[in-house]
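Order of appearance sets the numbers: ligands from 1, and atoms from 1 within every ligand.
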Amino acid sequence: AYVPIDTIIGVGSGSTVNLFIVELAKISHRIKAAVSSSDASTALLRQANIEVMTLNDAGMLSVYIDGADEITRHLAMIKGGGAALTREKIVAAASDKFICIADDSKLVGVLGKFPLPVEVIPMSRSYVARELVKLGGAPEWRMLDGKGVITDNGNWILDVHNLAIADPIGLESAINQIAGVVTNGLFARRGADILLLATSDGVKTLTRSP
Ligand code: DER
């Protein structure tokens with residue numbers, strides 16, 4: 001119901017979106033194409049015979065559909081557990097509407113129990129980590145098999161623990177001001193517009209209050 005007919009839509013990343021892509025494949029005739037936020041989602045969309053366009057060719061998108069690692073009732077989020085945060089933030093910014101799909105384990109009162117992902121240019125990793133400590137966090141370099149996880153953009157990720165984020169918009173801006181930060185996983189300046197929350201009583205719809 002939230003996929004507008006004959007438009008180009010933005011598609012996020014992660015295990016929830018993987019299930020969304022399975023459903024989207026069934027109504028793919030309704031959309032023109034998709035813009036994807038990760039190489040992994042692009043591969044799944046193509047497998048489902050959905051055309052994937054670049055954002056530069058697509059222009060403004062009708063809607064962006066993505067999951068979240070944590071989300072509040074004000075529809076501010078932490079994202080980036082899958083390391084796709086930068087492209088997710090770009091595609092979200094270029095979309096008229098952001099629809100978040102999540103189960104109720106993701107709904108929190110205060111953001112920050114989930115470590116906040118920060119994508120950094122590799123040469124800046126130690127410097128950015130020291131600056132994040134000054135902001136009260138405990139950054140940890142995300143590793144896989146003994147090596148730093150490399151994002152689709154060729155960068156590294158710091159996961160920041162121990163943050164109780166009282167001011168998500170302020171912290172999002174403050175972290176983005178640190179030299180070497182590409183972006184961080186707070187989606188508060190541009191939060192979701194609608195949250196479709198799976199609960200044991202069915203799907204609940206939460207809308208961002210102005
Ligand atoms: O990593 C991400 O940003 C994902 O979109 C995340 O927010 C949701 O991932 P999940 O659906 O696998 O929990």
Side-chain angles (χ1 to χ4, degrees), residues 2 9-25 34-45 48 52 55 61 63-95 97-108 110-120 139-144 148-161 163 165 168 171-172 175-176 181-199 203-204 206 208:
Y2 289 91
I9 70 165
V11 175
S13 306
S15 57
T16 314
V17 163
N18 291 351
L19 297 171
F20 168 68
I21 293 172
V22 171
E23 296 305 313
L24 185 64
V35 170
S36 162
S37 68
S38 65
D39 293 346
S41 289
T42 298
L44 285 178
L45 286 161
V52 180
L55 184 61
L61 309 176
V63 75
Y64 178 61
I65 298 172
D66 200 357
D69 297 303
E70 281 185 349
I71 184 162
T72 68
R73 288 188 183 279
H74 304 289
L75 308 198
M77 293 163 279
I78 286 184
K79 294 181 46 53
L85 60 160
T86 298
R87 293 189 190 184
E88 289 175 346
K89 204 174 267 198
I90 295 168
V91 183
S95 300
K97 241 187 203 151
F98 187 141
I99 296 174
C100 179
I101 49 175
D103 66 73
D104 57 5
S105 69
K106 308 290 185 66
L107 188 64
V108 298
V110 178
L111 296 170
K113 196 166 176 208
F114 190 94
L116 176 66
V118 179
E119 180 165 350
V120 300
E140 185 185 18
W141 185 12
R142 192 182 297 183
M143 308 288 281
L144 185 67
V149 167
I150 299 174
T151 69
D152 287 350
N153 313 306
N155 298 315
W156 286 339
I157 298 279
L158 292 171
D159 290 308
V160 191
H161 298 256
L163 291 171
I165 304 171
L171 187 65
E172 181 177 358
I175 294 176
N176 282 346
V181 168
V182 179
T183 197
N184 71 82
L186 274 168
F187 284 57
R189 292 170 65 83
R190 202 277 181 259
D193 298 297
I194 294 173
L195 166 60
L196 301 177
L197 188 72
T199 75
V203 176
K204 297 201 168 138
L206 281 75
R208 183 152 56 110

NZ/NE/NH1/NH2 to OD/OE distance under 4.0 Å, R142 and D159:
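Result for this pair is yes, salt bridge flagged.
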Return the protein residues near ligand 1 (heavy atom under 4.0 Å from any of its atoms), ordered by chain and residue number.
S13, G14, S15, T16, D66, G67, A68, D69, K79, G80, G81, G82, E88, K106
Between D103 (side chain) and A198 (backbone), is there a donor-acceptor pair under 3.5 Å?
no
Using the test ring pair (Phe, Tyr, Trp, His ring centres under 6.0 Å), find all partners of F187 that sit at least two apart in sequence or belong to another chain.
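If we apply the ring pair (Phe, Tyr, Trp, His ring centres under 6.0 Å) test to F187, skipping adjacent residues, there are no hits.
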Just wondering, do W141 and L158 contact through their side chains at under 4.5 Å, heavy atoms?
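Yes, their side chains come closer than 4.5 Å.
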L111 and L163, any side-chain heavy atoms less than 4.5 Å apart:
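The answer is no; the side chains never approach within 4.5 Å.
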Check the side chains of S36 and T42 for a donor-acceptor pair under 3.5 angstrom, ignoring hydrogens and angles.
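Result is yes, a qualifying pair exists.
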